[in-house]
Amino acid sequence: MAINKENYTRRDFIKNSGMIAGGVVLVSLLNPFKLVFATKKPVGIGKWYGVGIDIEKCIGCGSCARACKIENEVPNEPFFFRNWVEQYTIMNDGQIKVSSPNGGIDGFKQPVPDENIYKTFFVPKMCNHCAKSPCTQVCPVGASFESPEGLALVDQSYCIGCGYCVQACPYGCRYIDPQKGVVDKCTLCYHRLEKGLNPACMMACPTGARIYGDLNDKESALSLFVKENNCAVLKPQLNTGSKLFYNALSQEVH
Amino acid sequence: MPLQVKRLLLAFAVFIAIMLVLKYFLTPDSWREYGAYRGKALTEISGKEAKYVEMETCAECHDTIAGLKTQGLHVSVQCEICHGPGYKHADDPDNNDLEIPRERQFCLRCHTKNMASPQDIIKQIDAVEHNEGEECITCHNPHQPWL
């Protein structure tokens, strides 16, 4: 479709532009823009896992972080974690302190004297298993993916260790395994789920602060947890479709 | 068709042919079984061994202790939080001893006073003052704290 530049008039230009714009609108009507999921969200079929964390029940013992390290052979040092606990301390003068010594595996000590504290609480953190996960979208080789159950997983034999996903995760939930040189992250203990066991962190929690469940099943523990509590996700403005729901989340938490 | 376009098309055709051949040989067989990834990765990940076997397994052999624990306030504290992962021990208990944490510091991980720990969820004590110098287990049975 060569254009004869010599007698290409303004009228031609407007006509062609109009045609292109109209064509785009027409095509978008035929196939409207949809939300982009990293994998297709199953509707009403299969499992669609999510996690619930009740901040009011967390005692900061770090049993979850320790159990996770042992279960998944996460290197002890340098400090990499698939799940960890943070202690938030908001002081009377408005200053916010966040501490997580060794990810909380050895328990916590409050560094601030009690009379200076306005508010303090523990926040357990782990992979959010986002439905629109930024980390799986950036993988150049298809090693990071979302399973049909909605878990963000890594195919370690395919990973090239480029670290894009480590940077893309807004929650800091991925790391490069120093021994294997490939990315590692929380799998919600996929190997345990398939055997009918609870994920290690949820088994280890002495107060039941962590639960997981099937979001498609409206009677599952998690669905009821989300229904009965005022839950929030971390960084909702990033539109990651996070499936980690916190009860009693303070706005100071990032 | 001008000559240079013909040559270009030929070059494209050769490249595409090479790509198709490479794709045929290099794509793993379970690729795109569920999505743009190796479907076999799922079975590889789920095939890993579970290290924590959970309380029901321990109860098969240690039923008195398990029964004791179920009646006390430590009912929600899994055996393996204190004794470590039991997959080897459950298979061969004589050659794989589990750890037994007798020191104060261990209990204090959960029970030390900290304003961030909710008081109604866990009873907390002053780490230094509460019966200083004695092991917790001389007075509290770890499997049923008030025995």
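Computed from a predicted structure; not experimentally measured. Labels below follow one simple rule: chain letters A, B, ... track the order of the sequence lines, proteins then strands, and each chain is numbered from 1.
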- Query: Side chain, backbone, both or neither: which part of A50(B) has a non-hydrogen atom closer than 4.5 Å to chain A?
  - Reply: both
- Message: Before you tell me yes or no, could you show the steps for S63(A) and R109(B) under side chain to side chain donor-acceptor pair (under 3.5 Å), namely the whole-Å CA-CA distance, both residues' side-chain angles and the distance that decides it to 0.1 Å?
- Response: CA-CA 9 Å; S63(A) 301; R109(B) 210 149 58 191; 5.7 Å; no
- Item | Residue part contacting chain B, namely of C139(A), when any heavy atom lies under 4.5 Å | neither
- Part of V75(B) lying under 4.5 Å from any heavy atom of chain A: neither
- Item | Heavy-atom contact with chain B under 4.5 Å, split by part of V141(A) | backbone
- chain B shares the most heavy-atom pairs under 4.5 Å, among Q110(A), K195(A), Q156(A), with K195(A)
- Message: Below 4.5 Å, heavy-atom pairs only: which of A143(A), A209(A), A67(A), G60(A) has the largest tally toward chain B?
- Response: A67(A)
- Item | Short N-O contact, D106(A) and R66(A), less than 4.0 angstrom | no
- Item | chain B interface, residue from E56(A), M203(A), K57(A), K119(A) that has the most non-hydrogen pairs under 4.5 Å | M203(A)
- Query: Got a salt bridge between E33(B) and K40(B), using NZ or NE/NH1/NH2 to carboxylate O under 4.0 Å?
  - Reply: no
- In terms of heavy-atom proximity below 4.5 Å to chain B, should I105(A) be classed as side chain, backbone, both, or neither? backbone
- Of the listed residues (T112(B), T43(B), I45(B)), which shares the most heavy-atom pairs with chain A below a 4.5 Å separation? I45(B)
- Message: I need the residue from L153(A), D114(A), T207(A), N72(A) with the largest number of non-hydrogen atom pairs under 4.5 Å to chain B.
- Response: D114(A)
- Item | Exercise: do E71(A) and H191(A) side chains pair donor with acceptor under 3.5 Å | yes
- Taking only Lys NZ, Arg NE, NH1 and NH2, and the carboxylate oxygens of Asp or Glu, determine whether E44(B) and R38(B) approach each other closer than 4.0 Å. yes
- Where is the tightest heavy-atom contact between G103(A) and A65(A), given as atom of each residue plus distance? O-CB, 4.0 Å
- Task: Apply side chain to side chain donor-acceptor pair (under 3.5 Å) to N247(A) and E228(A), showing your working.
- Result: CA-CA 10 Å; N247(A) 177 34; E228(A) 281 155 19; over 6 Å; no
- Counting heavy-atom pairs under 4.5 Å to chain B, which of S157(A), G62(A), C189(A) comes out on top? S157(A)
- Task: Could you tell me which portion of T89(A) (side chain, backbone, both or neither) has an atom closer than 4.5 angstrom to a non-hydrogen atom of chain B?
- Result: neither
- Query: So, do F122(A) and F108(A) have ring centers that fall under 6.0 Å from each other?
  - Reply: yes
- Message: Is E49(B) in contact with chain A via its backbone, its side chain, both, or neither, using a 4.5 Å heavy-atom distance?
- Response: backbone
- Count the heavy atoms belonging to other residues, nucleotides or ligands that lie under 6.0 Å from CD of E115(A), then report whether that count exceeds 12. yes
